[in-house]
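In what follows, a structure is listed as structure tokens, so that the remarks can point back to it.
Each residue takes its place number in the sequence, starting with 1.
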Amino acid sequence: MERRPRISPSEARAALESVADAKRPLASHTRSPFWLYPTLGLASAALVSGIALSKHSPLAMSVIAVTVLVLAVLPSIPRPNFKARIDAFSHPRNTTIMAIYFGVLVSVAVAALVLSPRPGAIALTALAAFAWTVGIGTFLDRRLERALRDGR
């Protein structure tokens, strides 16, 4: 078996720097359109409201089905300013935050279901889902942009 020659520390450092340099130009092309997170927030609010009303309205299941479809499809729609298929949702640095996001969203949906007969409680949980989605989405976008700018 043939042994490959070892690379020197300076060659390894140069290779890592070239990878970081290749990522930097992508940073300005990863920002999502202004309407994405508010739209996802409205869909999250509709989902939470649909879950809360599922015991009381047959229409709620249709609302849930449509919003799940929107939440699944909307983030994957190609955007013209993307030079590469990198987004805040699927970037490896954001997987833990996405898990926390879904955990909190499920908790808000459960709270909405428990408090469901009260319209004020449903509105409050829907507002919480909207704010949480918009806030996390914006945070993830900025975090991804910063990571690429820093070459990580």
- line: Output for pair (Leu59 CG, Ser54 OG), nearest 0.5 Å, gives 12.0 Å
- prompt: How many angstroms lie between atom OH of Tyr37 and atom CG of Leu42, to the nearest 0.5 angstrom?
  reply: 15.0 Å
- prompt: Same cluster for Leu124 and Val134 if Ile/Leu/Val/Met/Phe/Trp/Tyr side chains link at under 4.5 Å?
  reply: no
field: Any Ile97 side-chain heavy atom under 4.5 Å of Phe139 side chain
entry: yes
statement: Shortest non-hydrogen pair, Ala45 vs Phe130, comes out as CB-CB, 4.3 Å
message: Could you list the cluster mates of Ile122? Members are the ILVMFWY residues connected by side-chain heavy atoms closer than 4.5 Å, either directly or through other members.
response: Leu53
message: Ignoring hydrogens, what is the shortest heavy-atom contact between Met98 and Leu140? Give both atom names and the distance.
response: SD-CD1, 3.3 Å
What donor-acceptor contacts under 3.5 angstrom involve side-chain atoms of residues 99-112, with partners at least two apart or in another chain?
from	atom 1	to	atom 2	distance (Å)
Tyr101	OH	Ser44	OG	3.4
Tyr101	OH	Thr133	OG1	2.8
Ser107	OG	Gly103	O	2.9

Output side-chain donor-acceptor pairs under 3.5 Å for residues 60-69, partner residues at least two apart or in another chain, one line each.
from	atom 1	to	atom 2	distance (Å)
Thr67	OG1	Val63	O	2.9
Thr67	OG1	Ile64	O	3.1

field: Gap between atom CZ of Arg143 and atom CD1 of Ile136 - 0.5 Å precision
entry: 10.0 Å
